[in-house]
Number of protein chains: 2
Amino acid sequence: MKNLLDVVSGPFEPHAVRITTRKRQKLSLAAQPDEVLYLIRKGLYLSRAPIPHARHQVLGILYPGDLVRTLAVPPLEGAEIMAASEKGEVWRLRWPAVKALMDERHDLARIVSDRLADQAARGTLHNAVIAGLTGDERVAALMVELALRTGKETAAGLVFEMPLSRMDIAEHLALNPDTVSRIVSRMRAKGLLAAAGRRHLVCPSFDELAQSCPLTSTIARMHKVDRLLPA
Amino acid sequence: MKNLLDVVSGPFEPHAVRITTRKRQKLSLAAQPDEVLYLIRKGLYLSRAPIPHARHQVLGILYPGDLVRTLAVPPLEGAEIMAASEKGEVWRLRWPAVKALMDERHDLARIVSDRLADQAARGTLHNAVIAGLTGDERVAALMVELALRTGKETAAGLVFEMPLSRMDIAEHLALNPDTVSRIVSRMRAKGLLAAAGRRHLVCPSFDELAQSCPLTSTIARMHKVDRLLPA
DNA sequence: TCGCGCGTTTGATCGCGGTCAAGGAGACCT
DNA sequence: AGGTCTCCTTGACCGCGATCAAACGCGCGA
């Protein structure tokens, strides 16, 4: 069965430059002579940008299958993609090559377009999270998202990856690192979460976690990954 | 000379349902049998959604030439497009018709895709505004945006439309209406802004306004409307 | 002209989350 | 083992913006 990632990978493969990354490695999003398209293949990445006279912002979390097109990122000086996972893989394509491919294969054009639309929707949803929810609810929203994306059922509950440092989380949720730490401690105390090794968390009861974020149902609909597969 | 709006309007025209709107009139974004595409023709619109147990959020401001595709809006119960200007015009198209058109005309597919990418970038930028700036800076950012979009030079300074109520602004900037009122009063006191009739503001010195928002240069680059015209 | 209603303004007070600072827990190197 | 570096935790305090409440202004219809 083909998954979301394979669908785009096939046609791109002959034109892609493969890049493997280690944690915190950065790829520049500065304007290039040709527009560039990145395809996330493995691992989680963060798209980030500095704000003048302030801290960096994490503009979005990128998952395998996601596409990053330079034009769809605002022209912020110093924008970049940063690897969050220990090991990751990205493919880089020059946009003219992508265009040529899409002119040959309409289905590909449509898939790329749909993927970008979906990511735009995720961005908008994140907007609503930041704008409308309290600190506790924002953190819960992030945990729900990662649990849905990377979670695996075990006897102890749902185990999921947490490749983001406290600072990363803070930059993503528009909080500050100390506050994030406090909120996570509080969630641990309530039994909503527990540590599971360096880079994983366990959620003993997903339902309880889900209830601490008003937008859970929408987040769930957006992060059921296979929604968008062509028939 | 063709502008951004005409470029998409031509091919869509025979398939579009024209809708003229009065202030505060709403168009539903609820999932339809077929996906839907709206093209903004005249006036300013807000895309909005309610947050469970909280106030509505304004997810974005839509300008003439903007496209709204259902798939690019997160599945929030009660999402809608609301007319902000006194009079406006929108075209509605069924997505299957748009797809068919794009299969015939590759340049159209590319233009639609680029427009949506650009709007995604604006969304991301707005994210950075909400997440990284203080209340005063956010309001300044909005004023800069509207001044660039709708402003006209006069003897008294740059006159621009302000079709948003205090409440709309608050919902857009993740502030509360009282705070917005206070901030705007403060800006008036400093001479950054002045009223110019019911629905317009004057900005005596755009440079001073620009300096009160750290992201002005990026906002300016994003809202120079004709950036994206095909050659 | 008056009365009504809605949006706005402004003051007083509160509380969430930011800031600053000290201390702790690992990872890694020598 | 000791040292150092980075990240995390926790406490004490502060300030921006939220909340509540009262008054104001303006449009609109009777």
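Small disclaimer: the values here were computed from a predicted structure and weren't measured.
- Put simply, the side chain of B/L39 reaches to within 4.5 Å of the side chain of B/R41, judged on heavy atoms.
- The closest side-chain donor-acceptor pair between A/T179 and A/N176 falls under 3.5 angstrom.
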- Classify every nucleotide of nucleotides 9-20 of chain C by which part a protein heavy atom approaches to under 4.0 Å, writing B for the base, S for the sugar-phosphate alone and - for neither, in 5'-to-3' order. BBBB----SBBB
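- Atom CE of B/M187 is separated from atom C1' of C/dT8 by 17 Å (rounded to the nearest Å).
- Overall, the helix from C/dT1-D/dA30 to C/dT30-D/dA1 carries an axis bend of 30° between its ends, with five pairs at each end and the value rounded to 10°.
- In this structure, A/M162 atom CE and D/dC7 atom P are separated by 16 Å, rounded to whole Å.
- For the pair B/L46 and B/I61, the minimum side-chain heavy-atom distance is below 4.5 Å.
- Ionic pairing of A/D66 and A/R122 is present here: one or more N-O contacts between side-chain nitrogen and carboxylate oxygen are shorter than 4.0 angstrom.
- A/D168 and A/S165 share a side-chain donor-acceptor pair at under 3.5 Å.
- The CZ-C1' distance, from A/R24 to D/dT6, rounds to 11 Å in whole Å.
- With hydrogens and angles left out, the side-chain atoms of A/S85 and A/Y45 include no donor and acceptor closer than 3.5 Å.
- Taking 4.0 Å as the cut-off between side-chain N and carboxylate O, A/R69 and B/D114 count as a salt-bridged pair.
- As a whole-Å value, the separation of A/R198 CZ from D/dC7 P is 10 Å.
- In this structure, A/E86 places its CD atom 12 Å from P of C/dA27, rounding to the nearest Å.
- Side-chain polar atoms of B/Y63 and B/E145 form a donor-acceptor pair below 3.5 angstrom.
- In this structure, CD1 of A/I130 is placed 16 Å from P of D/dG17, rounded to the nearest angstrom.
- Put simply, CG on B/L173 is 18 Å from P on D/dC16, counting in whole angstrom units.
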